[in-house]
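Everything on this sheet refers to the single structure shown next.
Computed over heavy atoms, backbone and side chain alike; hydrogens, waters and symmetry mates excluded. By convention in this document, chain letters (A, B, ...) are assigned in the order of the sequence lines, proteins followed by strands, and residues within each chain are numbered from 1.
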There are 4 protein chains.
Amino acid sequence: MKYHRESGEDDNRSKREQILDAAYQIFSQKGYHRATIDEIIALADTGKGTVYNYFVNKEQLFYTLIREKSAPFEAALAELIQSPEPPLVKVEAVIKLFLRFYVRNADLWRVMMHEMRGFGSQGESNLKPEQREKYRDWFRQSIGMLEKVLHEGIAQGVIRECDVTKSAYGLFSVIVMMVFQKLVGDDIDGTAKSIADIFLYGVARQ
Amino acid sequence: MKYHRESGEDDNRSKREQILDAAYQIFSQKGYHRATIDEIIALADTGKGTVYNYFVNKEQLFYTLIREKSAPFEAALAELIQSPEPPLVKVEAVIKLFLRFYVRNADLWRVMMHEMRGFGSQGESNLKPEQREKYRDWFRQSIGMLEKVLHEGIAQGVIRECDVTKSAYGLFSVIVMMVFQKLVGDDIDGTAKSIADIFLYGVARQ
Amino acid sequence: MKYHRESGEDDNRSKREQILDAAYQIFSQKGYHRATIDEIIALADTGKGTVYNYFVNKEQLFYTLIREKSAPFEAALAELIQSPEPPLVKVEAVIKLFLRFYVRNADLWRVMMHEMRGFGSQGESNLKPEQREKYRDWFRQSIGMLEKVLHEGIAQGVIRECDVTKSAYGLFSVIVMMVFQKLVGDDIDGTAKSIADIFLYGVARQ
Amino acid sequence: MKYHRESGEDDNRSKREQILDAAYQIFSQKGYHRATIDEIIALADTGKGTVYNYFVNKEQLFYTLIREKSAPFEAALAELIQSPEPPLVKVEAVIKLFLRFYVRNADLWRVMMHEMRGFGSQGESNLKPEQREKYRDWFRQSIGMLEKVLHEGIAQGVIRECDVTKSAYGLFSVIVMMVFQKLVGDDIDGTAKSIADIFLYGVARQ
DNA sequence: CATGAATGAGTATTCATTCAT
DNA sequence: GATGAATGAATACTCATTCAT
């Protein structure tokens with residue numbers, strides 16, 4: 001069942017990873033639709049059938065990519081949320097974490113966000129509703145983390161009573177926009193600080 | 001060979017508009033890729049060749065749509081910006097205007113935003129760089145309006161010195177997110193007020 | 001809507017017919033599965049899309065073929081059945097008619113019969129059950145015609161009481177077998193006569 | 001690298017049989033084309049390579065199946081033919097034997113018959129002409145057995161002089177049709193009797 | 001100008017077969 | 001012998017675009 005390659009070739013686990021790596025690049029560059037399996041296998045240096053040995057179809061390949069890339073991020077986020085830092089500090093730390101993740105995966109996530117909510121309500125999308133729901137869940141979970149911090153802040157009296165959901169979405173959208181518009185640059189920490197600053201204290205002169 | 005038209009001009013313009021209206025609906029529902037010319041002409045009740053008489057190709061049809069739909073909005077925005085209202089009031093008014101426009105055109109704009117920056121650097125995309133740049137320009141112009149208001153506020157001392165570009169993008173992203181996530185509801189004015197509130201004064205308890 | 005070609009090219013109605021003719025040949029030679037659209041268009045000297053303008057898919061192309069080829073035969077058969085000939089004469093005439101039709105269309109019908117009842121009960125066949133049912137109906141109708149003659153014969157006392165359905169199927173199968181095994185030769189009338197002879201009077205020496 | 005087998009021979013034969021059994025089921029259910037090696041090995045609980053150790057390819061697997069399944073039937077048929085029964089009795093006995101065999105193997109034989117003559121003259125078929133000829137031979141042999149009985153009957157004066165080949169094919173076709181159209185039911189003996197009856201004495205009232 | 005028949009490049013997916021272990 | 005990961009040729013179908021009428 002398993003052919004152990006002690007190393008040498010290092011190509012056993014590779015095939016699957018080669019494909020995922022190639023898919024990552026192509027999907028990021030071209031978006032879901034314009035990415036073709038042919039391009040992916042060319043880059044992965046493998047046969048077409050091999051892709052279908054590991055992934056049931058193009059969509060599931062895409063989904064797997066999303067899932068595997070985001071897993072470490074999700075873990076780090078969950079851990080951070082549960083840390084005992086004061087909420088206002090946590091806000092900035094969370095922003096930093098998001099920025100780092102999205103900067104690294106900007107292109108793929110752009111694609112994912114588009115596919116996620118797809119095309120209105122109609123539903124003729126390639127993405128089966130079931131699959132799309134999974135994307136949405138992943139997304140909501142991230143927002144949910146932000147909401148948690150805000151709730152904590154309100155409970156501790158350092159954040160004013162406000163619509164937590166809307167605020168969380170707002171903060172999230174700002175982070176994403178900074179990344180997608182390439183307004184972040186190398187100074188992720190600085191960017192995080194200024195996002196936190198405006199989010200917490202507003203732009204108006206007090 | 002000869003098609004007699006009672007009122008050449010009038011009917012002529014009509015065909016074009018029929019196509020644009022149909023295209024608007026189909027693009028909004030299906031997104032750029034899944035929208036087909038066949039669907040559009042079925043809805044527009046016209047022939048396939050006619051589309052290509054008025055628009056050089058699918059992409060340019062899409063672009064024209066964007067341009068024509070946004071023209072009135074742009075005008076209204078420009079006027080508002082130049083009005084003599086105090087900046088903090090203007091901020092809220094601008095948000096309101098944006099919200100109204102995006103709520104009305106949510107689906108088409110979702111599509112447009114995706115296509116806009118689209119596909120990284122590659123260039124094999126359908127969208128020629130030149131075309132894509134036009135999208136971006138339109139976009140930047142909107143953001144530019146927001147920046148103007150902020151500058152005005154800073155000049156008048158009611159807004160603190162901050163990175164105006166980033167702030168404008170941030171505000172813009174929040175507006176868009178509220179619309180796309182359907183967090184607006186029917187109460188556009190209320191939503192605008194609370195967005196402005198947080199944007200200006202932050203979420204932190206003072 | 002219609003572009004009248006007075007003649008000259010004679011290619012307007014042609015396109016569809018060209019495709020049908022080509023499909024007829026290819027399906028006959030290769031069977032349903034091994035026939036490819038590419039071969040068909042090569043023979044029809046047309047583009048791939050054209051096929052899909054006229055026929056929704058490969059299966060429906062096949063079905064249309066069957067339908068159009070059999071229509072004249074069905075009409076002739078129905079007429080014959082209603083003629084006032086004595087039953088024993090009719091039996092021979094019907095056999096003749098069947099033979100002529102199947103000899104002419106042997107290959108296509110071989111394919112059709114295979115697809116018709118398909119593959120046991122499972123149903124993973126390409127042919128959607130609905131479509132397959134249509135094939136079956138066509139088939140049953142033909143058998144039904146034979147049954148009618150037998151009933152008539154029984155009513156008139158020239159055919160003995162027997163299981164009409166089984167007998168009709170039996171007669172039908174003999175006809176088909178003669179054709180498919182190329183036991184007919186050019187002497188269709190002679191073959192019909194001897195089939196009728198054995199069917200009516202058996203092989204046993206009285 | 002080394003797979004210890006307790007009883008090489010025994011297990012060896014087993015693998016082969018497992019594959020044949022599985023192939024029998026799958027081919028019967030799906031037909032030759034839609035049957036996949038993957039399904040077969042899944043059912044046979046063996047590896048894909050193993051199939052190719054025992055059979056050179058899919059087609060030869062199919063052929064072997066036909067050959068091995070029909071061997072006992074052929075033997076029984078040959079024996080019956082040589083028995084000293086009177087011809088008219090033999091005819092019925094032969095029909096019974098055929099019915100029993102085909103009822104048991106209806107689905108596989110349906111497939112086989114289609115593949116047998118398959119694809120006209122072209123030759124691009126998977127089935128090499130040589131292979132196809134073998135199918136045909138098997139088939140002709142069965143018919144030949146029927147012919148023998150008829151000849152015997154003619155020699156003994158109980159069957160009238162007729163085209164023996166055509167009659168044999170006719171009888172054969174009736175048997176097969178009864179099976180494929182599921183007109184047999186559980187009463188094989190009764191069905192055999194009535195087939196024999198009509199075949200020998202015809203449907204006409206004497 | 002309006003039309004729609006014709007077109008073919010482009011794509012996801014299947015599956016028999018090979019061969020290194 | 002047994003295995004199954006890797007492979008790629010083969011194939012149905014889509015849809016933007018053209019051009020003759």
Less than 3.5 Å between a donor and an acceptor, one on the side chain of B:N57 and one on the base of F:dA16, is that the case here?
-> no
Nearest-Å distance for atom pair CD/P, residues C:Q18 and E:dA5 = 16 Å
In B:L20, B:D21, B:I26, the residue satisfying side-chain contact (heavy atoms from CB on, under 4.5 Å) with B:I40 is B:I26
Residue C:K58, side-chain heavy atoms: nucleotide from F:dA6, F:dC13, E:dA12 that is nearest = F:dC13
Nearest-angstrom distance from the residue atom CD1 of B:I41 to P of E:dT3 = 9 Å
At under 4.0 Å, does any side-chain N or O of D:Y52 touch on OP1 or OP2 of E:dT17?
-> yes
Rounded to whole angstrom units, what separation is found between the NZ atom of C:K48 and the C1' atom of F:dA16?
-> 16 Å
Nucleotide E:dA9, atom P - distance to CG of A:D38 in whole Å = 15 Å
Residue set satisfying side-chain hydrogen bond (donor to acceptor under 3.5 Å, both in side chains) with C:D38, at least two apart, ordered chain then number -> C:K48
Tell me which of C:G47 and A:G49 sits closer to the 5' end of DNA chain E, going by the nucleotide each one is nearest to.
-> C:G47
Intra- and inter-strand pairs of DNA chain E in dot-bracket (Watson-Crick or G-U wobble, both distances under 3.5 Å; | for another strand) = .||||||||||||||||||||
Give the rounded distance in Å between these two atoms: OH of A:Y54 and C1' of F:dA6.
-> 8 Å
Heavy-atom nearest nucleotide on DNA chain F taken for A:T50 and for C:I37; more 5' hit belongs to A:T50
Base, sugar-phosphate, or nothing: which does A:A44 touch, judged by heavy atoms less than 4.0 Å apart?
-> nothing
Residue-phosphate contact under 4.0 Å: A:T46 side-chain N/O, F:dT7 OP1/OP2 = yes
For DNA chain F, whose closest nucleotide is more 5', that of A:D45 or that of D:N53?
-> D:N53
Looking at residues at least two apart in the chain, or sitting in another chain, which of them share a side chain to side chain contact (heavy atoms under 4.5 Å, CB included) with A:K69?
-> A:Y24, A:N105, A:L108, A:W109
What pairs with C:A44 under side chain to side chain contact (heavy atoms under 4.5 Å, CB included), at least two apart in sequence or on another chain?
-> C:Q18, C:I19, C:A22, C:T46
Set of side-chain hydrogen bond (donor to acceptor under 3.5 Å, both in side chains) partners for C:T64, sequence neighbours left out | none
Under the side-chain hydrogen bond (donor to acceptor under 3.5 Å, both in side chains) test, residues paired with C:D45 that sit two or more places apart | none
Tell me: CD of B:E59 to P of F:dA16, nearest whole Å?
-> 13 Å
Let me know the distance between CD1 of B:I40 and P of E:dT3, rounded to the nearest Å.
-> 15 Å
For B:F55 and F:dA16, what is the distance between atoms CZ and C1' respectively, to the nearest whole Å?
-> 16 Å
Name the orientation class of the two ring planes belonging to A:F62 and A:F27 (parallel below 30°, tilted from 30 to 60°, perpendicular beyond 60°).
-> perpendicular
